[in-house]
Amino acid sequence: MVHRQEPVGDWECTNCENRPLNLGATLTSGQAFRWRQDAAGIWWGAVGTSGLALWQRSGDSRSPLFWQTFPQAGQRELVETYLGLEVPLVPLYQEWVSAEPRMQNAIELYHGLRILRQPPVECFFAFQCATCNTVVKIERSVHRLALRYGAPIEIDFPESAESGMTSRDDPPPLTLPDDPAFSFFAFPEIETLAIASEDALRSDLWGYRAPRVIALAKHLLALGPDWLANLHGQPYARAKEALVALHGIGEKVADCICLFSLGKDEATPVDTHVRQIACSLFVPELRDKSLTPRVYAAISDAYQERFGAYAGWAQQYLFLGAMRGKKA
DNA sequence: GCTTAACCTGGACGC
DNA sequence: GCGTCCAGGTTAAGC
């Protein structure tokens with residue numbers, strides 16, 4: 001990885017006029033853990049074996065999305081798929097508010113928030129780290145895992161561009177910060193994780209989750225290299241059932257994998273925050289109940305009955321509101 | 001079928 | 001400075 005302080009390429013642009021996007025909320029809403037924003041407001045991250053730089057006018061969900069991919073330029077489909085830009089949000093907002101008027105505030109706050117379509121392997125292992133942990137520490141652990149076992153992604157363009165900010169609506173020059181935090185690595189292969197060192201993972205703050213990561217990688221290898229990716233083509237219920245059958249995967253993590261990487265838009269991961277929201281809005285009778293499988297199912301059903309095929313998307317708006325409210 | 005404890009770690013908080 | 005609590009869960013044992 002070569003750090004450069006001169007521009008590394010031209011921005012490309014996707015028009016978001018009819019597809020609102022809230023880049024900041026989407027990348028910081030606890031779906032993915034390896035995005036970093038530089039001082040110029042550019043988001044840098046890795047998707048598969050590609051590096052991405054993304055920029056949008058702050059606070060404007062209808063601003064065009066400016067992007068660049070590395071080392072191969074022009075991967076528009078990768079960018080649009082990853083950000084779930086094909087989903088028409090505005091009609092969904094109308095449906096959600098009709099079903100639950102108290103959604104209006106969350107929609108206004110996070111207008112353009114989208115569910116990511118992440119590579120399944122990264123999502124699968126990143127959420128192993130989420131058990132009994134904080135978002136800051138999950139980010140640190142996942143970043144260190146990629147740093148230790150992932151392949152470096154070159155962000156080094158042969159043709160540098162003379163891009164300059166000509167108005168406040170233009171993106172800043174695309175310049176990679178000279179900071180190790182902005183080094184990018186592909187997420188490790190399953191084969192690599194299967195022979196990873198437990199001690200190394202523990203030193204990367206994976207704690208008691210370290211042996212589970214290695215065991216799950218071995219299990220995935222035994223199931224076949226495409227087993228996880230093939231769940232994409234299965235119905236939600238079947239995909240979740242297959243995931244929960246793995247030792248170490250519970251309902252919540254299975255739903256996270258389904259929603260954030262397998263395209264199961266109706267999946268509603270029920271964590272402590274989502275549960276509290278559901279009990280305050282929809283199912284107060286479950287407020288004092290333990291989160292048994294039956295209660296988990298009742299809470300999931302409450303979201304899915306109200307918000308239908310995109311219940312997971314709707315729930316993410318409420319979840320982010322709860323998370324941000326707690327931080328504030 | 002429900003409750004409880006154990007599992008790592010570090011930041012927040014109270015004293 | 002130190003002790004305690006808690007954080008986007010899962011599992012297994014005990015009742």
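Side chains included, hydrogens not; waters and symmetry mates left out as well; all remaining heavy atoms used. Residue numbering restarts at 1 for every chain, and letters A, B, ... go by the order of the sequence lines.
- Looking at every heavy atom in both residues, R209(A) comes nearest to C129(A) through NE-O, 3.5 Å.
- Residue contacts shown for Q128(A) are absent, as no nucleic acid heavy atom lies under 4.0 Å away.
- Residue R209(A) places none of its side-chain N or O atoms closer than 4.0 Å to OP1 or OP2 of dT11(C).
- Distances were taken from every side-chain heavy atom of R212(A) (C-beta onward) to each of dG8(C), dT10(C), dG10(B); the shortest belongs to dT10(C).
- The side chain of H273(A) places no N or O atom within less than 4.0 Å of a non-bridging phosphate oxygen (OP1 or OP2) of dA7(C).
- For K252(A) and dG9(C), a side-chain-to-base donor-acceptor distance below 3.5 Å is absent, hydrogens and geometry of angles not being considered.
- If you measure from atom NZ of K137(A) to atom P of dA12(B), you get 11 Å, rounded to the nearest angstrom.
- Under 3.5 Å, the side chains of Y296(A) and D255(A) contain a donor-acceptor pair of N or O atoms.
- Separating the CG atom of L246(A) from the P atom of dG9(C) is a distance of 19 Å, rounded to the nearest angstrom.
- The CZ atom of F127(A) sits 11 Å away from the P atom of dT10(C) (whole-angstrom rounding).
- When the side chains of ILVMFWY residues are joined at heavy-atom separations under 4.5 Å, either directly or via intervening members, I42(A) and I155(A) end up in a single hydrophobic cluster.
- Using bins of under 30°, 30° to 60° and over 60° for the plane-to-plane angle, the ring pair F307(A)/F282(A) lands in the perpendicular bin.
- The neighbour count for E198(A) CD, taken as heavy atoms of other residues, nucleotides or ligands under 6.0 Å away, is above 12.
- In this structure, F33(A) has its ring center at least 6.0 angstrom away from the ring center of F187(A).
- At whole-Å resolution of the value, OH in Y296(A) and C1' in dT11(C) are 16 Å apart.
- To the nearest angstrom, P of dT10(C) lies 13 Å from CG of N133(A).
- Two rings, from F260(A) and F127(A), have their centers less than 6.0 Å apart.
- R36(A) places a side-chain N or O within donor-acceptor distance of the main-chain N or O of A181(A), the cut-off being under 3.5 Å.
- The phosphate of dT10(C) (OP1 or OP2) has no side-chain N or O of T131(A) nearer than 4.0 angstrom.
- No continuous path of hydrophobic side-chain contacts links V87(A) to L116(A) [ILVMFWY only; heavy atoms under 4.5 Å].
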Next item on the list: Just do the ring-ring contact (aromatic ring centres under 6.0 Å, His included) check on Y110(A) and F319(A) with the steps written out, would you?
Entry: CA-CA 11 Å; Y110(A) 307 116; F319(A) 168 78; over 10 Å; no
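- If you measure from atom CG of D271(A) to atom P of dT10(C), you get 10 Å, rounded to the nearest angstrom.
- If you take atom P in dG10(B) and the same atom in dT10(C), they sit 23 Å apart, rounded to whole Å.
- Note on I249(A): only backbone sugar-phosphate atoms sit closer than 4.0 angstrom, heavy atoms only; bases stay farther off.
- For dG8(C), neither phosphate oxygen OP1 nor OP2 lies less than 4.0 angstrom from any side-chain nitrogen or oxygen of T272(A).
- Nucleic acid contact for S29(A): base, since at least one base atom lies under 4.0 Å from a heavy atom of the residue.
- Comparing dC6(C) with dA5(B), their C1' atoms sit 16 Å apart, to the nearest whole Å.
- Atom P of nucleotide dG8(C) and atom CD1 of I299(A) are separated by 16 Å, given to the nearest angstrom.
- Looking at the side chain of C132(A), the nearest of the listed nucleotides dC8(B), dG8(C), dT10(C) is dC8(B).
- Listed candidates were dG8(C), dT9(B), dG9(C). Nearest to the side chain of V135(A) is dG8(C).
- By the 6.0 Å contact criterion, CD on Q37(A) is enclosed, its count of non-hydrogen atoms from other residues, nucleotides or ligands being greater than 12.
- A heavy atom closer than 4.0 Å to some atom of DNA chain B occurs in R202(A), L205(A), G207(A), Y208(A), these being the qualifying members of residues 198-208 of chain A.
- Of the candidate nucleotides dG9(C), dG11(B), dG8(C), dG8(C) has the atom nearest to the side chain of F260(A).
- We find that NE2 of H247(A) is positioned 8 Å from C1' of dT10(C), with the value rounded to whole Å.
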Next item on the list: For DNA chain C, produce a single dot-bracket line, 5' to 3'. Pairs: Watson-Crick or G-U wobble, both distances under 3.5 Å. Symbols: ( ) within strand, [ ] crossing, | other strand, . unpaired.
Entry: |||||||.|||||||
